[in-house]
There are 2 protein chains.
Amino acid sequence: MHAQVIPLSVPALREACSQCNLRELCLPVGLSPEELAQLDELVETRRRVLRGQHIYRSGDTFEALYAIKTGFFKTDVLLEDGRDQVTGFQMAGEILGLDGIGTEKHTCNAIALEDSEVCVIPFIDLENYSREIGALQHHFHKVMSREIVRDHGVMMLLGIMRAEERLAAFLLNLSQRFTARGYSPTEFNLRMTRNEIGSYLGLKLETVSRAFSRFQDEGLITVHQKHIQILDVAGLKKLLSERRT
Amino acid sequence: MHAQVIPLSVPALREACSQCNLRELCLPVGLSPEELAQLDELVETRRRVLRGQHIYRSGDTFEALYAIKTGFFKTDVLLEDGRDQVTGFQMAGEILGLDGIGTEKHTCNAIALEDSEVCVIPFIDLENYSREIGALQHHFHKVMSREIVRDHGVMMLLGIMRAEERLAAFLLNLSQRFTARGYSPTEFNLRMTRNEIGSYLGLKLETVSRAFSRFQDEGLITVHQKHIQILDVAGLKKLLSERRT
DNA sequence: CGTGAGCCTTGATCTGCGTCAACGTGAACT
DNA sequence: AGTTCACGTTGACGCAGATCAAGGCTCACG
């Protein structure tokens with residue numbers, strides 16, 4: 001796992017947003033080519049993060065946002081008594097670190113679930129560029145707003161849905177995000193454990209496991225460890241809209 | 001309910017941020033007097049909202065944020081099947097409408113729980129002023145970030161806390177916000193029903209009622225309908241940090 | 001001042017999910 | 001190829017909170 005020392009030119013280390021294939025998903029959405037070229041100065045460095053490593057921890061001083069170039073992350077919050085809650089799973093093109101702006105300290109942990117690469121966006125620079133590039137400013141506001149709306153969705157999950165509804169919503173959400181990234185909507189590998197899914201959904205890992213089995217028995221999906229195939233998208237959606245009780 | 005037509009000078013209808021006693025809590029935090037004077041142009045109108053009325057509904061086109069000048073609000077989301085979830089309670093100095101930026105449609109309902117007054121902040125103007133006033137831009141980002149952190153807190157409530165912990169956290173949070181506004185930390189009137197508290201906390205109204213009764217029996221609080229007096233703040237806090245089970 | 005409607009409280013009972021326990025599985029080592 | 005260890009599955013049982021039900025309080029309104 002030791003990196004061989006290979007001489008690299010500076011441009012190779014810098015990440016050019018204008019060249020990135022995620023530019024339609026990530027911060028640069030909606031920028032003109034000229035604006036995009038300006039933005040290339042914004043991303044200072046790329047950073048490799050190995051599976052299990054943190055990008056930041058709760059309490060760390062907030063300095064930068066992180067755009068995921070490749071890989072998969074979770075964010076979680078720990079209570080003093082040892083309980084913890086996964087607050088989200090993030091994939092390529094999504095932005096990590098928004099929680100830190102308010103207090104200038106991060107309030108959660110961001111951990112790579114697989115070997116990943118992130119673009120480091122110094123926040124002070126983002127604010128400066130935002131003042132010059134209206135489209136960037138506006139898009140950044142949208143990113144934050146969408147995070148708030150996503151959180152409301154999680155509150156709905158946790159507040160009023162039953163176990164199987166939560167898991168169905170979770171799978172459909174993953175499916176939709178994989179689709180947006182050009183992957184199969186119906187077949188993917190989970191990067192997180194049953195325990196992490198449970199923590200996110202407010203359930204115990206046994207309940208998650210049972211719900212997976214139940215879905216499989218009903219012909220909605222197939223599960224082999226972390227490999228999921230969705231057989232009946234409509235069936236999963238119906239689970240969400242049907243009120244039982 | 002018909003408003004009498006009373007001639008008013010324009011300055012009376014306009015809300016001057018620089019004169020507002022909430023300026024230390026609301027958007028203008030951290031602005032210099034000169035910047036504050038600029039901001040006075042930003043807030044276009046004040047709007048009265050009577051108890052039970054919406055400021056906006058899910059699906060409405062997003063155009064403005066709303067700063068609460070006086071009063072008390074809830075936001076909620078409705079599912080097609082009729083279930084709903086309260087996503088937050090907002091009081092003076094807090095900003096409503098952030099959910100709408102991302103999609104240009106509001107994604108929840110904002111409803112006054114008592115007769116209230118809000119300052120209408122056209123979002124396009126806010127973005128324009130933000131580009132000129134760095135401190136405003138930065139503070140607005142903080143406001144959004146704090147909303148994200150608040151949402152994470154609610155996820156913790158819903159995901160891992162038991163009923164009494166949730167209610168204790170809720171009361172302590174209200175107490176702290178009343179304190180910041182110069183009201184008593186230990187004595188206040190709830191503006192929401194047991195049902196609304198339950199919806200926010202992911203509990204049924206009966207469970208909320210029982211938890212109130214239990215707290216009263218244990219000498220932590222007194223409850224008379226909507227009137228709450230906290231007798232033992234430390235006791236409530238202990239409920240949160242103690243892991244039972 | 002009596003009536004009704006909305007809200008709240010309390011008790012009895014039910015149930016979905018948690019807890020506990022045992023076993024299965026597969027990938028990474030030796 | 002065998003061992004180990006983390007992760008996953010499944011069953012039996014228990015409990016926190018939901019559900020159902022009955023009654024009380026408070027305030028608006030005729």
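Chain letters run A, B, ... following the sequence lines, proteins first and then strands; every chain starts at 1. None of these values were measured; they are calculated from a predicted model.
Contacts of residues 207-215 of chain A with DNA chain D (heavy atom under 4.0 Å): A:S209, A:R210, A:S213. Annotation: proximity of residues 189-204 of chain B to DNA chain C (heavy atom, distance under 4.0 Å) is found for B:T193, B:R194, numbered in ascending order.
Of the candidate nucleotides D:dT19, D:dC7, C:dC17, D:dT19 has the atom nearest to the side chain of B:E206.
The CZ atom of B:R51 sits 11 Å away from the C1' atom of C:dC7 (whole-angstrom rounding). Whole-Å rounding puts the A:E165 CD to C:dC17 P distance at 9 Å. Distance, B:Q225 CD to D:dG24 P: 15 Å, rounded to whole Å. In this structure, CG of B:D217 is placed 12 Å from P of C:dT9, rounded to the nearest angstrom. Between the CD1 atom of A:I228 and the C1' atom of D:dC7 there is a distance of 14 Å, given to the nearest Å. Between the P atom of C:dT15 and the CD atom of A:E164 lies a distance of 17 Å, rounded to the nearest Å. Residue A:R166 contributes atom CZ, which lies 10 Å from atom C1' of C:dC17 at whole-angstrom precision. C:dG26 atom P lies 9 Å from atom NE2 of A:H224, rounded to whole Å.
By the 4.5 Å heavy-atom criterion applied to side chains, A:E196 and A:F89 are counted as neighbours.
Within a 6.0 Å radius of OH in B:Y183, no more than 12 heavy atoms belonging to other residues, nucleotides or ligands are found. When the shell of 6.0 Å around CZ of A:R51 is examined, it contains 12 or fewer heavy atoms from other residues, nucleotides or ligands.
Listed by first and then second residue, the side-chain hydrogen bond (donor to acceptor under 3.5 Å, both in side chains) pairs involving residues 205-217 of chain A are A:E164-A:R214, A:R214-A:E218 (not counting sequence neighbours).
In terms of heavy-atom proximity, A:H152 sits nearest to B:E147 at NE2-OE2, 4.3 Å. Of all non-hydrogen atoms in A:L22 and A:A92, the two that sit nearest each other are CD1-CB, 3.9 Å.
Ionic pairing of B:E94 and B:R177 is present here: one or more N-O contacts between side-chain nitrogen and carboxylate oxygen are shorter than 4.0 angstrom.
Between A:T87 and the choices A:D99, A:T107, A:T75, A:D76, the side-chain hydrogen bond (donor to acceptor under 3.5 Å, both in side chains) rule is met once, by A:T75.
Ring planes of B:F62 and B:H106: perpendicular class, angle over 60° (limits at 30 and 60°).
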